[in-house]
Amino acid sequence: MSIVIEIKTHIAKALKDLFDVEVAEQSLTINTTKPEFEGDYTLVMFSFIKELKKSPEDLGAAIGKALETTNPEIFTAHNTIKGFLNLTIADTYWLSFLEKNYANQQFGSSPANGKKVMVEYSSPNTNKPIHLGHLRNNFLGWSVAQMLKESGYETIKSCIVNDRGIHICKSMIAWQQFADGATPQSTQTKGDHFVGEYYVRFNDEYKKQVEELIAGGMTKEVAEKEASIMKGTQQMLLDWEAGKPEVIELWKKMNGWVYEGFDVTYKRIGSDFAKMYYESDTYLLGKTFVEEGLKQGIFFKKEDGSVWIDLTEDGLDEKLVLRKDGTSVYITQDLGLAQEKYEDFKYDQSLYVIADEQNYHMKVLKLILQKFKKPYADGIFHLSYGMVELPSGRMKSREGTVVDADEMIEEMVNVAKNKTEELGKVKDFSAEELNELYDIIALGALKFFLLRVDPKKRMIFNPEESIDFHGFTGPFVQYTHARIKSILRKESEVRSQESEARSLLKLEKDLIMLLEQYPATIEQAVTEHNPSVIAIYVFNVAKLFNSFYAEHSVMKAESDEKKQLRLHIAGMTANVIASGMGLLGIKVPERM
RNA sequence: GACCCGGUAGCUCAGCUGAAUAGAGCAAUUGCCUUCUAAGCAAUAGGUCAUUGGUUUGAAUCCAAUCCGGGUCACCA
């Protein structure tokens, strides 16, 4: 039980004993005491001062005294200022907390709760390489899944690959027309980048053709439909759907190249999936929904044969679920996929990590499933995140303004390498160890950068300014971990007997108090589906430890008890940092 | 036009289920390496929390209106 909950319980009991009032524990406000006042935690009393018809001073004194009488092992002092009751928690309470947990590698994780949750994230297109926006998606999805796992859920990470459709045909036709048989091997290009080049090539050519047609007197609208490369693409899509062998063969070949490229990147960034779904397998799945929906009167058919759902009563619009030519649209596929996923895994919850431009779409998806009274409908949750933008605005793959993921990582590795060499602290590392360290630091910086802000908010990345390694960053936290490990290596004999220390200095206590908040922090992060809560927390732990480190020596502590105590504090800090960073998918080095 | 999200220090962001004098990091200025790793610590400076009104003992936080920015409302994905 966390100290805050414990405090609330005792206060609720004190209020009952003293004044015979029932106060819901959740309604009590407990804050950490501001540094300018005496105390550790503070009860904000305003909400019930009036009701009890007491002066704040009397009320504070009464509650404070009661707490100290009934639980002297927790509460040692109190003071009341205005409506605030500041409580001091016994040093011995913190010491016993530390002794109980300093060596516990599992501190903060919860036992299995029997719930199963699917996390769909990443969801790439097979016509272009991964960019910075995809990285935010990947890191978020992975991290949220990891947080859920640590707090007791069985998690299944999945991915839906958008491997078919008109956009895929665009890169296919461009390759057919312009590649002259070139391959990733022949051009020494990573497969996904190779295919991505033809997607760009398509758009260049298309634009050119449209301009020519317009110059020849066509309107823009007609020209966009009449351009020969676009017509060819549409024919190719029809051929694909008809299963024309040479189109299928080309499709398989080019997708194969992309997957080879993706594999490399995914492996490097640590994304993994228990189950891959491919749109080419699932795109027809939703059609049974359409039939069923028509039968049940959830959907209706217009004269032209298209099928719709009327959501105006729910404050939304009419939404198309089947085209007049009988082909399915995006939402139809998603209905089918949701069903498929449920049949595969019988999940309790299903998270979709998808950008916020699809908020409306996801709302509609859930609503339709609810109208079908699907048992899994309520468990669907759209983890909506904001786009990563450049100072100039949104990234556009067609305009070539995307920040490529592979290039980004490479750049970060170089910065890590230069910085490490400059500082010269790990000169004895082998080439292999060095490369591993560069990767840990580079990805640590990148992941932390993308995860430290609230997922819901869009964020701006300026490519002109490389990602920092100082301050509120991954490397700062990693560095703190390495510092602690350095102490622990030198003091290899971390004696396991209890520390005999009986009192705490301010920074010692502050650190233990902060470490105690780790489980509650995870809980909050999970509830909010928000890894930035962990990033901020872990940064605060590192920052506080560095202050402590500058102020007090561990190895040359004033006494043997103090040394012992500080070794335990340092050890636990390292554990919590490693664990918290682990929730973000970030490794921490032993040395750096 | 309708709906959704946002606007906090020069920049990037916390704080938003109301609570004490609004916090970090970067950038700026100034100190601190005869060593538990300076990728660090300490200090200074930096704010009309978009604007106006309201609710409240108390508002950056809740409500309303306005302004600004973004997104969505496709027989695109």
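Residue numbering restarts at 1 for every chain, and letters A, B, ... go by the order of the sequence lines. Only heavy atoms go into these numbers, but all of them, side chains included; no hydrogens, no water, no symmetry mates.
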Can I get a per-line list of side-chain donor-acceptor pairs under 3.5 Å for residues 78-85 of chain A, giving both atom names and the distance, sequence neighbours left out?
{"residue": "A:H78", "atom": "ND1", "partner": "A:E68", "partner atom": "OE2", "Å": "2.5"}
{"residue": "A:N79", "atom": "OD1", "partner": "A:N86", "partner atom": "ND2", "Å": "2.8"}
{"residue": "A:N79", "atom": "ND2", "partner": "A:E38", "partner atom": "O", "Å": "2.9"}

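In this structure, of B:rU37, B:rA14, B:rA77, it is B:rA14 that holds the atom nearest to the side chain of A:I536. For A:K543, the side-chain atoms get nearest to B:rA24 when compared with the rest of B:rU72, B:rA24, B:rC26. The side chain of A:K556 sits closest to B:rC36 out of B:rC36, B:rA77, B:rC75. Taking only side-chain atoms of A:R323, from C-beta outward, the nucleotide of B:rC36, B:rA20, B:rC76 with the closest atom is B:rC76. Of the candidates B:rC75, B:rA20, B:rG70, the closest approach to any side-chain atom of A:E389 belongs to B:rG70.
Aromatic pair A:W251/A:Y278: ring centres not closer than 6.0 Å.
Partners of A:V329 under the side chain to side chain contact (heavy atoms under 4.5 Å, CB included) rule, at least two apart in sequence or in another chain, are A:L320, A:R323, A:I331, A:T332. Legend: residues meeting side-chain hydrogen bond (donor to acceptor under 3.5 Å, both in side chains) with A:Y360, ordered by chain and number and at least two apart, are A:D317.
Residue contacts shown for A:N530 are absent, as no nucleic acid heavy atom lies under 4.0 Å away. Among the atoms of the strands shown, only primed sugar atoms or phosphate atoms (P, OP1, OP2) are found under 4.0 Å from some heavy atom of A:R394. As judged by a 4.0 angstrom heavy-atom cut-off over every strand, A:H552 is placed among the base-contacting residues. Contacts of A:E590 with the nucleic acid, taken as non-hydrogen atoms under 4.0 Å apart, include base atoms.
Atom C1' of nucleotide B:rC41 and atom OH of A:Y479 are separated by 10 Å, given to the nearest angstrom. As a whole-Å value, the separation of A:E357 CD from B:rA77 P is 14 Å. Regarding A:N540, its CG atom lies at a distance of 15 Å from the P atom of B:rG40, rounded to whole Å. Taking atom CD1 on A:I30 and atom P on B:rA20, their separation rounds to 15 Å, with Å as the unit. Here B:rC13 presents its C1' atom at 10 Å from CG of A:D454, a figure rounded to the nearest Å. Whole-Å rounding puts the A:K490 NZ to B:rU35 C1' distance at 8 Å. Between A:I354 atom CD1 and B:rU72 atom P there is a gap of 14 Å when expressed in whole angstrom units. Nucleotide B:rA77 holds its C1' atom 15 Å from the CG atom of A:L335, rounded to whole Å.
Residue A:F476 and nucleotide B:rG40 are not classified as a stacked aromatic pair, given the requirement of ring centres less than 5.5 Å apart at an interplanar angle below 30°. Under the stacking definition used here (centres under 5.5 Å, planes under 30°), the residue A:F84 qualifies as stacked on the base of B:rA20.
Regarding contacts with the backbone of B:rA20, every side-chain N or O of A:K82 stays at 4.0 angstrom or more from both OP1 and OP2.
Using a 4.5 Å cut-off on side-chain heavy atoms (C-beta onward), A:M230 and A:F202 make contact. Contact check for A:N435 versus A:D439: no side-chain heavy atoms found under the 4.5 Å cut-off.
The pair A:E291-A:K287 does not meet the salt-bridge criterion, since no charged nitrogen lies less than 4.0 angstrom from a carboxylate oxygen.
Within residues 544-551 of chain A, the residues having any heavy atom closer than 4.0 Å to RNA chain B are, in order of number, A:N546, A:S547, A:Y549, A:A550.
As rounded to the nearest Å, B:rU30 and B:rU17 have C1' atoms that lie 42 Å from one another.
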ask   = Where each pair must be Watson-Crick or G-U wobble with both distances under 3.5 Å, what dot-bracket representation of RNA chain B is obtained, with crossing pairs in [ ] and other-strand partners as |?
value = ((((((((.[[[[.)...(...]]]].(((((.......))))).....[[[[[..)....]]]]])))))))....

query = How does protein reach along nucleotides 2-12 of chain B, written 5' to 3' as B (base within reach of a heavy atom under 4.0 Å), S (only sugar-phosphate), or - (no contact)?
reply = -----S----S

